[in-house]
Protein chains: 2
Amino acid sequence: MNTTSCEVKPSATERCGCYTISDLAKEFEVTPRALRLYEESGLLEPQRDGQKRIYSERDRVRLRLIIRGKRIGCSLAEVKELFDMYDSSPGESGQIKRLLEKLDERRQALELQRSELALSLADIEQIEQRALETLRELENKGH
Amino acid sequence: MNTTSCEVKPSATERCGCYTISDLAKEFEVTPRALRLYEESGLLEPQRDGQKRIYSERDRVRLRLIIRGKRIGCSLAEVKELFDMYDSSPGESGQIKRLLEKLDERRQALELQRSELALSLADIEQIEQRALETLRELENKGH
DNA sequence: CGCTTTCTTGACGTTAACGTAAGCGTAAGT
DNA sequence: ACTTACGCTTACGTTAACGTCAAGAAAGCG
Ligand SMILES: [Zn+2]
Ligand SMILES: [Zn+2]
Ligand SMILES: [Zn+2]
Ligand SMILES: [Zn+2]
């Protein structure tokens with residue numbers, strides 16, 4: 001951010017660690033609308049300078065996690081579930097164990113995905129081979 | 001199917017290769033509604049006995065492919081695209097080349113997915129390790 | 001001062017892939 | 001003949017994750 005309205009008043013040489021909504025939107029190639037949605041879904045909690053949202057470094061880290069989660073097929077609700085557990089766990093060993101269970105669930109899902117993905121790649125290879133054969137036959141006929 | 005209304009009149013010892021909508025629905029654990037949607041989307045073309053749909057072995061094979069496609073994140077539209085190309089290609093070398101291109105596209109997408117999936121698994125491992133450490137510390141304090 | 005940009009809060013629109021009836025016909029069992 | 005099961009079409013409902021306006025507030029600029 002680094003504007004006059006920024007509370008932090010950093011030195012000239014270093015960034016203050018504040019981001020506007022479009023700062024993060026550009027950096028992560030998402031729209032401001034998406035960021036507001038993530039907030040509405042309880043995934044981000046930016047501070048306010050008047051009405052304007054001010055995102056901290058922590059928000060930025062979380063946003064990275066959200067996007068990573070989305071890319072592996074997690075819904076926003078699932079991401080929130082993980083965030084909540086991770087937030088509330090420090091201290092409670094029960095929560096940590098539940099977190100570990102959730103992680104195991106997700107890992108199993110991922111490994112299932114991986115094996116199906118391998119099958120699909122094999123399928124593609126097979127179709128490709130047959131298509132290549134057909135192509136060669138066609139070219140031989142051409143002579 | 002193997003009913004009196006079946007056109008095929010197979011011998012008693014072998015199945016005729018006809019399936020009702022609920023036959024396939026049960027076998028693949030999808031609803032009849034889904035099968036009708038796949039038909040509406042141009043992915044299945046069952047014959048009719050009056051109004052009733054009669055699915056052939058070919059339809060069954062396609063259904064398997066549809067489901068496999070869905071599980072790796074293909075939309076119905078993408079599946080249809082592949083079906084169409086695969087159907088129209090026999091003979092046309094141009095079509096075959098386009099098919100090969102499409103296959104390459106999909107493989108690239110799959111391999112991207114695979115690498116992101118690997119990253120995610122690594123992430124999970126890391127969080128798991130930290131959680132386990134925290135857990136051990138808590139248990140040590142308990143004594 | 002007006003102009004432009006960037007932000008805000010609604011609120012409604014969109015797409016995919018079905019779910020969920022409503023209302024009716026047909027077939028099999030008893 | 002009555003019931004139960006299954007199937008059909010038509011059509012509206014649902015969820016997720018945004019997109020797309022509209023209308024207005026604050027702030028920098030010449
Ligand atoms: Zn700042
Ligand atoms: Zn190959
Ligand atoms: Zn039959
Ligand atoms: Zn481990």
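In what follows, chains carry the letters A, B, and so on, assigned in the order in which the sequence lines appear, proteins first and then strands, with residues in each chain numbered from 1.
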- Item | d(OH, Y55(B); C1', dC8(D)) in whole Å | 11 Å
- Length of the CG-C1' vector between L35(A) and dT8(C), whole Å: 14 Å
- Message: Just the rounded figure in Å: distance from C1' of dT5(C) to CG of D23(A).
- Response: 14 Å
- Note on the structure: Per-nt protein contacts along nucleotides 10-24 of chain C (heavy atom under 4.0 Å; B base, S backbone sugar-phosphate only, - none) come out as -B-----SBBB----
- When every non-hydrogen atom of K80(B) is compared with those of S41(B), the smallest separation belongs to CD-O, 3.2 Å
- Item | Interatomic distance where CD1 belongs to I21(A) and P belongs to dC18(D) [whole Å] | 13 Å
- Message: Please report the distance, rounded to the nearest Å, between CD1 in I54(A) and P in dT6(C).
- Response: 17 Å
- Task: Step by step, work out the side-chain contact (heavy atoms from CB on, under 4.5 Å) result for D104(B) and E128(A).
- Result: CA-CA 9 Å; D104(B) 245 36; E128(A) 195 185 9; 4.1 Å; yes
- Hey, are R48(B) and E39(B) close enough for a salt bridge, meaning a charged N less than 4.0 Å from a carboxylate O? yes
- Shortest side-chain distance from R36(A), nucleotide among dC7(C), dC8(D), dT8(C): dT8(C)
- Quick tally for nucleotides 21-26 of chain D: nucleotides whose base has a protein heavy atom under 4.0 Å get B, sugar-phosphate-only ones S, the rest -, giving ------
- side chain to side chain donor-acceptor pair (under 3.5 Å) filter on S56(A), not counting sequence neighbours, yields D59(A)
- Item | Heavy-atom neighbours of R98(A) CZ exceed 12 at 6.0 Å | no
- Message: So, does R53(A) get its side chain near the phosphate of dC7(C), meaning an N or O under 4.0 Å from OP1 or OP2?
- Response: no
- Message: Does E45(B) have more than 12 heavy atoms from other residues, nucleotides or ligands lying within 6.0 Å of its CD?
- Response: no
- Could R60(B) and Y55(B) be counted as a cation-pi pair, given that NZ or CZ must be under 6.0 Å from the ring centre and within 45° of the axis? no
- Quick one: is T20(B) getting a side-chain N or O under 4.0 Å of the dC6(D) phosphate, OP1 or OP2? no
- Query: Mind checking whether V79(B) and L65(B) have side chains closer than 4.5 Å, heavy atoms only?
  - Reply: no
- Query: Counting only heavy atoms not in Q47(A), do more than 12 fall under 6.0 Å of its CD?
  - Reply: no
